[in-house]
Amino acid sequence: MTILDGKKLSNQIKEEIAAEVASIKERGEKVPHLAAVLVGNDGASLTYVGSKVRSCERIGFKSTLKHLPEETTEDELLTVVSQLNDDPDIDGYIVQLPLPKHIDEEKVLLAVHPDKDVDGFHPANFGKMALDMETFIPATPYGIMEMLRRYEVETEGKHAVVIGRSHIVGRPISILLSRKGKPGNATVTLCHSRTKDIKAITREADIIVSALGIPHFLKADMVKDGAVIIDVGITRVPDPGRERGYYITGDVDFKAVSQKASYITPVPGGVGPMTIAMLLKNTLLARERHSGR
Ligand code: NAP
């Protein structure tokens, strides 16, 4: 069994990007600039945005954090989005989700200029992805594909089962795995909360991508010997015994499932760190587009 080590791989990718930034600087060109918009003080969002900003600094990108109060109105947020669209120094930006309930997320995502949409959530980019055109691929599924590519995990002709159909993980990874290419060329089954007898489906899977957010959902008796297991789930389980007051776990019963898997991602240290690395890669792509190279 091989652990798909997202921490190690993401550090390698960040080093590659840092080397690229160093040569951009040497040429006297503008370094990539990523901005993040955060509304409110959701604990998990603060952690995610914080590590995105720190990663930017470490690899030599410029970064800007727009931290707005919880009571920011939809119009105020749309004004910030419009300013970021117009700011020539910003190559790409993200609006951290979830947004407070009084703001229409769809309206905000549609307002992000597709050329700066490094999260790849705008319909123009999502559509291009589905049509095999070059574009920003949502960072989490992009990270999974990069992991499969660099570990040379065979996907062609395999039966891949994706659990979860969210717009940011399940749906896009099901499209990417079924695309022509390497990795790709898999036969994909997409499961969700209305799927009947999920166990019968996962037991037939060569590759399972679990993205539902239920701790230890995927048990050993749902997996066949030799399956490739990608655990996207991140759940904070309250634990007063720990300093932080919680611990993080995935969707997979790692201890038991890893006995049967050929490859498996740990949580933490699997898909999570890859997500940040791929966001940085998308920002580099945005900068290349803006500078017309
Ligand atoms: P989401 O929007 O809540 O979607 C969850 C999906 O799981 C839905 O499609 C839902 O089905 C399905 N589902 C729920 N219960 C189910 C069940 N009992 N059987 C089968 N399917 C079920 O979640 P998300 O945003 O995709 O995130 C999923 C998990 O990944 C979360 O733990 C999140 O924190 C984590 N995540 C991690 C990263 C990373 O970087 N590693 C990035 C993003 C998200 P319906 O559509 O029918 O409701």
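Numbering of ligands and ligand atoms starts at 1, following listing order. Just so you know, residue 1 is the first one in the sequence shown, and it goes up from there.
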Within 45 degrees of the axis of the six-membered ring of Phe61 and under 6.0 Å from its centre: does Arg287 put its NZ or CZ there?
-> no

List every atom of ligand 1 that sits less than 4.0 Å from any heavy atom of Gly213, numbering the atoms from 1 in the order shown and giving each element.
-> 29 (C), 31 (C), 32 (O)

Closest approach of any protein heavy atom to atom 16 (C) of ligand 1, naming residue and atom | Leu212 CD2, 3.7 Å

Heavy atom under 4.0 Å from ligand 1: found in Val169's side chain, backbone, both, or neither?
-> side chain

Note: Gly250 and Val267 closest approach over all heavy atoms is N-CG1, 3.6 Å

Do any nitrogen or oxygen atoms of Tyr48 lie less than 3.5 angstrom from nitrogen or oxygen atoms of ligand 1?
-> no

Below 4.0 angstrom from a heavy atom of Ile168, which ligand 1 atoms are there? Numbered from 1 as shown, please.
-> 25 (O)

4.0 Å protein heavy-atom contact status of atom 48 (O) of ligand 1, strictly under | yes

Any donor-acceptor N/O pair, Lys260 side chain to Ala220 backbone, under 3.5 Å | yes

State plainly whether the residues Glu57 and Arg54 are in salt-bridge range, i.e. N to O under 4.0 Å.
-> no

Could you point out which residue of Val209, Thr275, Asp251 forms a side chain to side chain contact (heavy atoms under 4.5 Å, CB included) with Val232?
-> Val209

Between Leu190 and Gly164, which heavy-atom pair has the shortest distance, and what is it?
-> CD1-O, 3.2 Å

Using heavy atoms and a threshold below 4.0 Å, how should the contact between Val232 and ligand 1 be classified: side chain, backbone, both, or neither?
-> both

Atom 11 (O) of ligand 1 [closest protein heavy-atom partner, distance rounded to 0.1 Å] = Ser193 N, 3.2 Å

Can you find a side-chain donor-acceptor pair between Gln83 and Lys66 that sits under 3.5 Å?
-> no

Is Ile234 in polar range of ligand 1, meaning some N or O pair under 3.5 Å apart?
-> yes

Give yes if a backbone or side-chain nitrogen or oxygen of Arg165 is under 3.5 Å from a nitrogen or oxygen of ligand 1, and no if not.
-> yes

Under 3.5 Å: donor-acceptor pair, side chain of Lys30, backbone of Asp89 | yes

For ligand 1, is there an atom lying under 4.0 Å from some heavy atom of Gly272?
-> yes

Among non-hydrogen protein atoms, atom 26 (O) of ligand 1 lies closest to Ser166 OG, 2.5 Å

In terms of side-chain geometry, is the basic nitrogen of Lys199 or Asp221 positioned less than 4.0 Å from the acidic oxygen of its partner?
-> yes

Report, as yes or no, whether the 6.0 Å neighbourhood of atom NZ on Lys224 holds more than 12 heavy atoms from other residues, nucleotides or ligands.
-> yes

Flag, side chain of Asn125 to backbone of Phe136, donor-acceptor distance under 3.5 Å = no

A student checking ligand 1 against Thr275 at a 4.0 Å heavy-atom cut-off should list atoms 39 (C), 40 (O)

For ligand 1, is Cys191 a contact, meaning one of its heavy atoms is under 4.0 Å away?
-> no

Where's the contact between Thr140 and ligand 1, heavy-atom distance under 4.0 Å: side chain, backbone, both or neither?
-> side chain

Answer with side chain, backbone, both or neither: which part of Ile214 has a heavy atom less than 4.0 angstrom from an atom of ligand 1?
-> side chain

Side chains of Thr47 and Arg236: is there a donor and an acceptor less than 3.5 Å apart?
-> yes

To which protein heavy atom is atom 6 (C) of ligand 1 closest, and what is the distance rounded to 0.1 Å?
-> Gly164 CA, 3.6 Å

In this structure, atom 21 (N) of ligand 1 is nearest to the protein heavy atom His192 C, 3.1 Å

Which residue and heavy atom of the protein sit nearest atom 18 (N) of ligand 1, plus the separation | Phe217 CE1, 3.7 Å

